[in-house]
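Below, each value reflects all heavy atoms present in this structure, side chains not excepted, and no hydrogens, waters or symmetry copies.
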Amino acid sequence: MNRLLEALRRPVLVFGLLLGLAISGLLAIPWFGGSPADPPQAPPVAEVGERAPAPAREEPRPQNPREETTPVAPAEQPLEISALVPAEAPVYRPDPDLAGGSLASQRSAPVIRPGAASSLPEVRALGPEHVGATSNAAPTLYWFLSGASSVPVEITLTSEGATGPLLALRLEPPIGAGLHALRLERHGARLEPGATYRWIVALVPDPAHRDADLVSGAAVRRVVAAGALTEQLAAAAPAERAHVLAAAGYWYDAFDTLTGWIQSEPASEQLREHRAALLEQVGLAGVAALLSAPAEPSKPAADGP
C-alpha cells in the first residue's frame with residue numbers, strides 16, 4: 001500500500017496509469033454490444049443569419065390581348081336626324097289618283113264676321129287644298145292657332161256620304177296658341193282605304209249661334225302604299241323618309257314625320273325650314289312663317305281627352 005501511494009506521487013507513473021485506463025475503456029466498447037446508439041434527431045434550427053423561407057412569389061399571369069385594360073372611350077352621342085336629312089327641302093308632288101281622281105279645292109278657310117268672332121285667334125286645319133293622302137289607318141292631323149283661345153274648340157271628322165261623324169271632340173278653354181295634334185289612334189278612329197274624310201276645326205264663341213263659329217277644314221283620304229313606295233322607303237335612309245313620302249304624294253305623312261323629328265330636335269332650323277316648305281307648297285305660307293319663328297312651342301298642345 002505504501003509502495004502504491006509512493007508510486008502515485010511520481011508524475012510519470014500517474015500519467016501512464018491514466019493512459020492505460022483510457023485505452024482499456026475504449027477497447028471494451030465493442031465487447032458490450034457493438035457501436036454506440038444513434039443520437040436522437042432534433043428539429044432543425046435555423047442558424048443565425050439564415051432567413052426563414054420567403055413565401056412563394058406569384059408569377060405574373062400572361063395577359064390575354066383581349067383582356068388588356070384600355071381607356072374607356074366616352075359613349076358616342078346619338079347622331080341627330082338634322083345632320084342626316086338631305087340639304088334640299090322635300091318637294092310635294094300631288095297625285096290625282098291619290099286624291100280620288102281630282103285635285104279640286106276641298107280646304108275651307110275661316111270667314112271672320114263682325115261680332116264675337118272678330119276677337120278670336122286665327123285657326124287653320126293643316127292639309128293640302130285638295131284631298132290629301134295618307135297611308136296610315138289612324139294618322140295624326142295637325143291644326144294651328146295663331147293665339148290662345150278663350151272659347152271652346154270643336155273638332156269633327158266625317159266620312160263622305162256618312163250620316164254622322166266618325167269623331168267629335170270638344171276642347172274647353174283656355175287653349176294655347178301654336179301647333180296642335182289630333183291623334184286619331186288615341187281616339188280609336190280609323191280610316192278605311194279609298195274613303196275620303198273631311199275634318200273641321202271650329203272655334204265656338206256662342207253655342208246658341210253656330211253661324212258665328214270660326215271654322216277651318218281640310219280633306220284626307222287613306223291610300224294603302226303601293227309596292228313601289230314600300231320599296232323606296234325600305235331602300236332610302238331613315239332621314240330621307242319625309243322626302244320620299246312628299247315626292248310620292250303623301251303630304252300628311254311627310255308633315256307628320258318632320259314634326260316628329262322637330263319634337264326631338266326643337267332647335268333645328270333645317271327641320272323647320274323643311275316643314276315650312278311643305279306648308280308653303282300647299283298655300284299655307286302664313287302658318288309656315290309663324291311655325292318657323294323661335295317662339296313656337298317645342299311640343300304640340302294636347303288634343304283633348
Side-chain angles (χ1 to χ4, degrees), residues 89-113 117 120-136 139-146 153-162 165-167 178-182 184 189 191-203 213-223 225 229 242-259 262 272-292 296 300 303:
V91 177
Y92 171 57
R93 293 187 173 89
D95 186 339
D97 292 336
L98 298 182
S102 172
L103 294 179
S105 178
Q106 298 287 329
R107 190 174 63 204
S108 62
V111 177
I112 300 177
R113 303 179 180 86
L120 297 178
E122 182 180 359
V123 60
R124 282 289 187 274
L126 303 185
E129 189 166 354
H130 50 268
V131 177
T134 178
S135 62
N136 296 325
T140 298
L141 307 176
Y142 293 89
W143 51 285
F144 178 78
L145 278 178
S146 63
V153 171
E154 289 188 358
I155 305 174
T156 57
L157 175 67
T158 57
S159 175
E160 198 173 56
L166 176 66
L167 178 67
L179 188 65
H180 295 256
L182 172 62
L184 296 186
L191 309 184
E192 295 297 328
T196 299
Y197 298 81
R198 183 165 180 78
W199 61 288
I200 294 174
V201 183
L203 300 182
D213 289 0
L214 206 57
V215 178
S216 177
V220 60
R221 184 170 182 262
R222 181 190 171 193
V223 183
L229 175 58
H243 288 66
V244 173
L245 290 168
Y250 288 85
W251 189 92
Y252 282 103
D253 298 349
F255 186 86
D256 182 41
T257 299
L258 283 170
T259 301
I262 292 173
R272 290 177 180 276
E273 290 173 358
H274 286 187
R275 187 176 64 179
L278 285 183
L279 290 168
E280 292 168 356
Q281 291 166 23
V282 295
L284 293 171
V287 177
L290 293 173
L291 281 180
S292 299
E296 181 199 350
D303 56 355

Next on the checklist: Using the rule given for side-chain hydrogen bond (donor to acceptor under 3.5 Å, both in side chains), can you reason through Arg198 versus Ser108, listing the C-alpha separation, both sets of side-chain angles and the distance that settles it, and then say yes or no?
Outcome noted: CA-CA 10 Å; Arg198 183 165 180 78; Ser108 62; 3.1 Å; yes
Checklist outcome for this item: For Ala218 and Ala125 the tightest heavy-atom approach is N-CB, 4.1 Å
Next on the checklist: Using 0.5 Å steps for rounding, measure from the OH atom of Tyr92 to the CG atom of Leu278.
Outcome noted: 9.5 Å
Checklist entry - Quick check: does any side chain N or O of Gln281 sit under 3.5 Å from a backbone N or O of Pro90, one acting as donor and the other as acceptor? => result yes
Next on the checklist: Applying side chain to side chain contact (heavy atoms under 4.5 Å, CB included) to Arg272 and Leu291, what does each step give before you reach the verdict?
Outcome noted: CA-CA 8 Å; Arg272 290 177 180 276; Leu291 281 180; 5.8 Å; no
Checklist entry - So which of Leu167, Leu166, Thr158 actually passes side chain to side chain contact (heavy atoms under 4.5 Å, CB included) with Tyr197? => result Leu166
Next on the checklist: For a side chain to side chain contact (heavy atoms under 4.5 Å, CB included) check, start with the C-alpha distance between Val215 and Val201, then their side-chain angles and the critical distance, and finish with the verdict.
Outcome noted: CA-CA 6 Å; Val215 178; Val201 183; over 6 Å; no
Checklist entry - Does any N or O in the side chain of Gln106 come within less than 3.5 Å of the main-chain N or O of Val131, such that one atom is a donor and the other an acceptor? => result no
Next on the checklist: Walk me through whether Trp251 and Leu279 qualify under side chain to side chain contact (heavy atoms under 4.5 Å, CB included).
Outcome noted: CA-CA 9 Å; Trp251 189 92; Leu279 290 168; 4.0 Å; yes
Checklist entry - So does Arg275 pair up with Glu273, basic N to acidic O under 4.0 Å? => result no
Checklist outcome for this item: For Pro139 and Thr134, the nearest pair of non-hydrogen atoms, with its separation, is CB-OG1, 3.6 Å
Checklist entry - When you measure from the side chain of Tyr250 to the backbone N and O of Val223, does any donor-acceptor pair fall under 3.5 Å? => result yes
Checklist outcome for this item: With Leu145 as partner, the option from His180, Arg124, Glu122 fulfilling side chain to side chain contact (heavy atoms under 4.5 Å, CB included) is His180
Checklist entry - Does Arg222 use its side chain to pair, donor to acceptor, with the backbone of Leu191 at less than 3.5 Å? => result yes
Item to check | Distance, nearest 0.5 Å, that separates OG of Ser135 from CG of Leu98 | outcome: 10.0 Å
Checklist entry - Looking only at atom types and distance, does a side-chain atom of Asp95 sit under 3.5 Å from a main-chain N or O of Asp97, one as donor and one as acceptor? => result yes
Next on the checklist: How long is the straight-line distance from CG of Leu179 back to CD1 of Ile262, given to the nearest 0.5 Å?
Outcome noted: 9.0 Å
Checklist outcome for this item: In short, Leu203 meets Pro121 closest at the heavy-atom pair CD1-O, 3.5 Å
Checklist entry - Considering all heavy atoms of both residues, which atom of Ala242 and which atom of Ala254 are nearest to each other, and what is their separation? => result O-CB, 3.6 Å
Item to check | Ala288 versus Glu280, closest heavy-atom pair with distance | outcome: CB-CG, 3.9 Å
Checklist entry - Say you draw a straight line from CZ of Arg107 to NE2 of His130; how long is it, rounded to the nearest 0.5 Å? => result 9.0 Å
Next on the checklist: When you compare the side chain of Val244 with that of Leu229, does any pair of heavy atoms fall below 4.5 Å?
Outcome noted: yes
Next on the checklist: Would you say that Leu157 contacts Pro165 through its side chain, given a criterion of any heavy-atom pair below 4.5 Å between the two side chains?
Outcome noted: no
Checklist entry - CD1 of Ile155 to CH2 of Trp199: how many Å apart, nearest 0.5 Å? => result 7.5 Å
Checklist entry - For the atom pair CG (Leu245) and CG (Asp253), what is the distance rounded to the nearest 0.5 Å? => result 5.5 Å
Item to check | Validation row: Ser146, Val123 side chains within 4.5 angstrom (heavy atoms) | outcome: no
Checklist entry - Yes or no on side chain to side chain contact (heavy atoms under 4.5 Å, CB included) for Thr140 and Tyr252, after CA distance, side-chain angles and deciding distance? => result CA-CA 8 Å; Thr140 298; Tyr252 282 103; over 6 Å; no
Item to check | Polar contact flag, side-chain donor to acceptor under 3.5 angstrom, Tyr142-Asp256 | outcome: yes
